[in-house]
Amino acid sequence: MNSHETITHQLNPPQKKAVETLDGPVLILAGAGSGKTRVLTHRMANIVASGAASTDEILCVTFTNKAAKEMEHRIYKLLSDLGVSVTRDMWVSTFHSFCVRILRKHIDLLDYKKPFTIYDSGDQLAMVKRVMGALNINDKMFPAKNFQSRIGGAKMKGLLPEALTANSKSTMFTMDPKSLEVYTRYEEEMKRANALDFDDLLVKTYELFRMYPALLEQYQNKFRYIMVDEYQDTNHIQYLLVQQLSKAHRNLCVVGDEDQSIYSWRGADISNILDFEKDFPEAVIVKLEENYRSSSNIVTAATKVIANNTQRKEKTLFTSNPQGALIQVREERNEYDEARYVAKTIQGMLDSGSGNLNDYAIFYRTNAQSRVLEEQLRALALPYRLIGGIRFYERAEIKDVLAYLRLSMNFRDDIALKRIINVPARGLGKTTVETIEQKANELRLSLFETLQIVINEKTFNAGTTSKLRRFSDLIEDLITQQKAFSLSQFYSIVLEKTEYVQNLKKEDTPEAEARIENLEELDNAMAQFEHERGEEATLSNYLEEMTLASDQDQVDGTANSVTMMTMHISKGLEYPYVFIVGCEENLFPSRRGDEENPDDIEEERRLAYVGMTRAREKLWMTHTKIRRVWGQEQMNPPSRFLKEIPKELTEFSSAVFSGNTPRFATGGRFGSSSYGKEANDDDFAQTSYSDDYSQDESVFQVTKSSGYEKGQRVRHPTFGPGSIFATEGDGDHLKISVLFQDNTIKKFVAKYARLEKI
């Protein structure tokens, strides 16, 4: 068997075609679980093994560091098995990591210094606030996060301040004068800090190539083949970069699934994949439609749901896997009972020998839903891991020490300096820092440079000047030391010289002890980084990798715990057993405004498709009669996505009571008989409710003495006309539940609701 046959012999016909079609533009439409990573890795191995290009002449871009490392490992193994030695670098990375690699070499062409600092979103927000202070913009009237969002939106379109005017007709993106003023000054301050934010990594690389055509030509010629994974998730600036780099050879292969495009809120443009043939009319189209991951019932259900979308290519997912269990659709009375049901089901499955804890995942639409689930998992002593909460590197003590590391590498990093100038406390108060910052703004210098000036000029009294000098000496010492020691050695030096751990020990509290443990874990992380990267384990490389880590990079398949995350984070992952909770209208699909936007609903449906297709063996989808949102009880109908699943693929059960008898829903609630089956009389039908809901159906009795009657028409100033569904209490404590035209039920305190009888 020759090398080509070895690479392709285990592939199905469409996969084989994708791997063998090397030259020219190729669009691979890869349905969920259809083996796209296998295709990408085998295709790259085929390019190298066939002699079409060496490993460093192929650019392969994906969306998480974890995926990039896995792909690189697989490609090395494939080539090694073929006896092909890899002697050159591989360019397998995320877009951001690729751009960092380019900028590390050429950032000086944009008048930045080497090395530069990468700001995360927290640092970026701090810089926006600093700019607002310099421009005397009131942060209560004009929230900093709004400016941060507008700046990010402009950069995702590839638009820097000079390309924008408030009334520009030449771009698809406009910015109001105040935002443009903030954006312009923000860019100046970032340049002075020798720092780039996440979006800058892409924008500055694009600008670099635009400004230096010879450099662009060098990389165009270098990358004979370009492959882009998850193409449906690319935004406009990523699209522009791909167009730039692929122009010379046009050997561009993009892999994606428009049915899994779920990131429009962060700039992803589904038209990039939908319009690929317009950009490349000669493109070869390959469809990967066989799912190898999930049971037949799950694949069929997800396929029927996504078929209701209009923004999609013509393809149908199928599988040869066994039919598997029916999808369990469960109705509970409130979010506490829903969480209890999920926790007890997992416990029951584990007791019966169904897998380990890390085989179970719980998905939800919003992070706020995790709290109640966490409580119930803790109640049953079920270990869990929360993905997308406060990340390790966002903890205060970690950010403090990293700020020292950053400042020792780049003394112009004003955000790092502001964070630690009085951490640990050294008697340098807010007024002192503001005075230094004001002078820095006037002189257009960094805070550290300004610090030297105020010390020499003795701007402050002797005591303050002495404290500033000690701090300045400390930073200068660290700047010198970091050049002479390894990463982990320098980390120990920083902890010793700053007395950070020493101060925590003085506190002698459980919280301080936990923070010390986190700093020890950071030491372990650095040691592991040194072990993996060898000579490349520099401070600059470590800070870069840490800053670019995504939520999905937190996922540890070896951790023996239930995994919890939003559906957005779940993309690209898979588990034997999956629970999707909160399947109710206005929660999932969520609703952003009074008017229903068809494009938003289609994206929410794609999110449902992503969530459902993460499950390999068994899928549960739960919804509640009542859910407390922002302190108010809401009664929303079950999600339309449940209705779109064929009834023969589901098993419906309910634990909603009427008096002391469990009430099982009839088909009328869903407009079909999808859920007309009676549930099994199991433990969950006898769930004891939380105190908030221990009043049986009496809370829903409408009394005429209240002045309101069931069915009475009322109008709310925000939500419009509706009908009274129920009341409870009386007098000042009277609460009214109103059913509005969009089928949502909202509960109001009558005294404050401003309801108008109509």
Would you mind checking if [Y] and [X] are paired as a salt bridge, meaning a charged N to carboxylate O distance below 4.0 Å?
{"X": "E187", "Y": "K204", "answer": "yes"}
{"X": "E442", "Y": "K439", "answer": "no"}
{"X": "E536", "Y": "R104", "answer": "no"}
{"X": "R371", "Y": "E375", "answer": "yes"}
{"X": "E188", "Y": "K191", "answer": "no"}

In terms of side-chain heavy atoms, does [X] have a donor or acceptor partner in [Y] at a distance below 3.5 Å?
{"X": "D269", "Y": "Y239", "answer": "no"}
{"X": "Y206", "Y": "Q244", "answer": "no"}
{"X": "Q482", "Y": "S408", "answer": "no"}
{"X": "S179", "Y": "R150", "answer": "yes"}
{"X": "E335", "Y": "Q369", "answer": "no"}
{"X": "E230", "Y": "Q232", "answer": "yes"}
{"X": "D200", "Y": "Y112", "answer": "no"}
{"X": "Q452", "Y": "S472", "answer": "yes"}

Checklist entry - Checking R419 against Y404: charged group under 6.0 Å from the ring centre and within 45 degrees of the axis? => result no

Checklist entry - Should the ring pair F63 and F95 be called parallel, tilted or perpendicular, given that the plane angle runs from 0 to 90° and is split at 30 and 60? => result perpendicular

Item to check | Parallel, tilted or perpendicular: rings of H568 and Y263 (30°, 60°) | outcome: tilted

Item to check | side chain to side chain contact (heavy atoms under 4.5 Å, CB included), paired with R192, selected from E449, R412, R444 | outcome: R444

Checklist entry - Pick one: which of D123, I420, T547 meets side chain to side chain contact (heavy atoms under 4.5 Å, CB included) with R406? => result D123

Item to check | N422 side chain to L428 backbone, donor-acceptor under 3.5 Å | outcome: yes

Checklist entry - Does atom CZ of R210 have more than 12 heavy-atom neighbours from other groups under 6.0 Å away? => result no

Checklist entry - Distance from R426 atom CZ to R470 atom CZ, nearest 0.5 Å? => result 9.5 Å

